[in-house]
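Encoded as structure tokens, the structure appears first; notes follow it.
Since the model is a prediction, treat every value here as computed from it, not as a measurement. So that the names make sense, note that chain A is the first sequence line, chain B the second, and so on, each numbered from 1.
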2 protein chains.
Amino acid sequence: MTQKAVISGDDPDRLLHEPARLRLLANLAVVRRADFTWLLQQTGLTRGNLSVQMSRLAEAELVTVEKMFRDNRPRTLYELTNKGRDALRQYKKNMHKILAVLPD
Amino acid sequence: MTQKAVISGDDPDRLLHEPARLRLLANLAVVRRADFTWLLQQTGLTRGNLSVQMSRLAEAELVTVEKMFRDNRPRTLYELTNKGRDALRQYKKNMHKILAVLPD
DNA sequence: ATCCTATAGTTTATACTATAAACTTATTTA
DNA sequence: TAAATAAGTTTATAGTATAAACTATAGGAT
């Protein structure tokens, strides 16, 4: 008889699991809508890294990107999509399952 | 005035954060002591990957490795160290902090 | 004896990924 | 008009995870 695994549950989605992206998404989960500069300050990422990570998230349709001008300066707004919100929910579930067996 | 970050807390330790290693450590957290073959079955990793990951964990002193022979066959036992246990605790704390702000 | 298969791992080669450095474009300011 | 600032993007590099290939030993089968 094949035994049941001691630890159950799927592995977390790597796109969300990466600390930089997870923090970005967590910020968006809280404020719903944020611009490039604000996220930069919140996360302490470099601009290059922030740009790349948000692009990946946008490509996966977890966030939307809206580019505009304000005071003759570019401004980029990001927002979590429903798909993004769902992905975060699932991620949270998966992680809770594994964290549950770790010592306090 | 500089604002406080919306999301607080350190980034998770990457050594533990990696899904393959996290699962291995979680298994050891539960059973305390396990051999190579058992971990192989539990995690579904390839032997190569398992070997490499456990070596990394051993090098970081999060687990101990004990090699022996049983029935003329090599047998490798792994065990979580106190340091490993502490690292898991810290990891759990850090992750809970960020998961807390995610939607349910 | 030697050939084949299985067991238990390790080493190495590759493909991926995160990240910072360098670059772009536009706008003030000196 | 030269320099500095702002807001991003592109690219180069270094690091990492993972599987494929390899090593070593044992136990039959022929």
Side-chain angles (χ1 to χ4, degrees), chain A residues 2 10-28 33-60 62-79 87 91 94 98, chain B residues 2 10-28 33-60 62-79 87 91 94 98:
Chain A
T2 59
D10 291 334
D11 269 348
D13 181 345
R14 287 195 118 87
L15 190 62
L16 310 209
H17 195 54
E18 175 58 31
R21 286 191 295 265
L22 185 57
R23 200 164 283 272
L24 287 167
L25 289 170
N27 273 279
L28 287 178
R33 206 154 193 271
D35 69 14
F36 190 94
T37 303
W38 187 82
L39 287 172
L40 211 57
Q41 291 162 352
Q42 292 294 314
T43 60
L45 296 177
T46 59
R47 291 199 296 278
N49 196 7
L50 178 52
S51 175
V52 169
Q53 303 311 340
M54 291 312 281
S55 297
R56 289 177 108 59
L57 294 174
E59 193 181 5
L62 302 188
V63 302
T64 56
V65 187
E66 197 183 341
K67 293 173 194 231
M68 45 174 46
F69 272 77
R70 197 186 50 169
D71 302 332
N72 281 339
R73 300 222 151 272
R75 188 177 191 222
T76 304
L77 285 165
Y78 299 100
E79 192 171 347
Y91 178 79
N94 290 154
I98 193 156
Chain B
T2 59
D10 291 334
D11 270 349
D13 180 344
R14 287 195 119 88
L15 190 61
L16 310 209
H17 195 55
E18 173 59 31
R21 285 191 296 263
L22 185 57
R23 200 163 283 272
L24 287 167
L25 289 170
N27 273 280
L28 287 178
R33 206 153 194 273
D35 68 15
F36 190 94
T37 303
W38 186 82
L39 287 172
L40 212 56
Q41 291 162 351
Q42 293 293 314
T43 59
L45 296 177
T46 60
R47 291 201 294 280
N49 197 6
L50 178 52
S51 174
V52 169
Q53 303 311 341
M54 291 311 281
S55 296
R56 290 177 105 59
L57 294 174
E59 194 179 6
L62 302 187
V63 303
T64 56
V65 187
E66 197 182 343
K67 295 177 191 223
M68 45 174 48
F69 272 77
R70 197 186 51 169
D71 301 333
N72 281 340
R73 300 221 151 274
R75 187 175 192 226
T76 305
L77 285 165
Y78 299 99
E79 192 171 348
Y91 178 78
N94 290 155
I98 194 157

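- Annotation: side-chain hydrogen bond (donor to acceptor under 3.5 Å, both in side chains) contacts of D35(A) (sequence neighbours excluded): R75(A).
- Of the candidates R21(A), E18(A), R23(A), Q53(A) forms a side chain to side chain donor-acceptor pair (under 3.5 Å) with just one, namely R21(A).
- Contacts with DNA chain C (heavy atom under 4.0 Å) in residues 15-28 of chain B: none are found.
- You'll find the side chain of L16(A) reaches within 4.5 Å of the side chain of L62(A), heavy atoms only.
- Distance E59(B) CD to dG15(D) C1': 14 Å, rounded to the nearest Å.
- As judged by a 4.0 angstrom heavy-atom cut-off over every strand, S55(B) is placed among residues making no nucleic acid contact.
- The interatomic distance linking Q53(A) (CD) with dG8(D) (P) rounds to 16 Å, in whole Å.
- Using cut-offs of 30° and 60° on the angle between ring planes, the pair H17(B) and H17(A) is parallel.
- Distance CG/L22(B) to OG1/T43(B): 12.0 Å, rounded to 0.5 Å.
- Between chain A and DNA chain C, the heavy-atom contact criterion of under 4.0 Å yields a 5' to 3' nucleotide range of dA18(C) to dT28(C).
- For the pair S51(B) (side chain) and R47(B) (backbone), a donor-acceptor distance under 3.5 Å is absent.
- With rounding to whole Å, W38(A) atom CH2 is found 19 Å from dG8(D) atom C1'.
- The terminal axes of the helix from dA1(C)-dT30(D) to dA30(C)-dT1(D), fitted over 5 pairs per end, subtend an angle of 30° to the nearest 10°.
- Inter-residue side-chain proximity for K67(B) and V65(B) is flagged as met; some heavy-atom pair is nearer than 4.5 Å.
- Here the P atom of nucleotide dA7(D) and the CZ atom of F69(A) are 11 Å apart, to the nearest Å.
- In terms of modelled atom types and a separation under 3.5 Å, the side chain of D71(A) and the main chain of R73(A) share no donor-acceptor contact.
- Look at CG on N49(A): it is 14 Å from C1' on dA14(D), rounded to the nearest Å.
- By the 6.0 Å contact criterion, CD on E59(A) is open, its count of non-hydrogen atoms from other residues, nucleotides or ligands being 12 or less.
- Scanning residues 72-79 of chain A for heavy-atom distances under 4.0 Å to DNA chain C yields N72(A), R73(A).
- Rounded to an integer number of Å, the gap from K67(A) NZ to dA7(D) P is 14 Å.
- For the pair M54(A)/L28(A), a side-chain contact is recorded, criterion being any heavy-atom separation below 4.5 Å from C-beta on.
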task = Using the side chain to side chain contact (heavy atoms under 4.5 Å, CB included) rule, take Y78(A) and L57(A) through it: C-alpha gap first, then chi angles, then the decisive distance, then the call.
result = CA-CA 10 Å; Y78(A) 299 100; L57(A) 294 174; over 6 Å; no
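- When all heavy atoms of L45(B) and L40(B) are compared, the pair lying nearest together is O-CD1, 3.5 Å.
- Every residue two or more places apart in sequence or in another chain was checked for a ring-ring contact (aromatic ring centres under 6.0 Å, His included) with F36(B), and none qualifies.
- By the 4.5 Å heavy-atom criterion applied to side chains, L25(B) and V63(B) are counted as neighbours.
- Residue R70(A) is out of contact with every strand shown, counting any heavy-atom pair closer than 4.0 Å.
- Taking for each of R14(A) and D71(A) the nucleotide of DNA chain C with the nearest heavy atom, the 5'-most of the two is the partner of R14(A).
- The distance from atom CG of L45(A) to atom P of dG8(D) is 14 Å, rounded to the nearest whole Å.
- Regarding L40(A), its CG atom lies at a distance of 10 Å from the C1' atom of dG8(D), rounded to whole Å.
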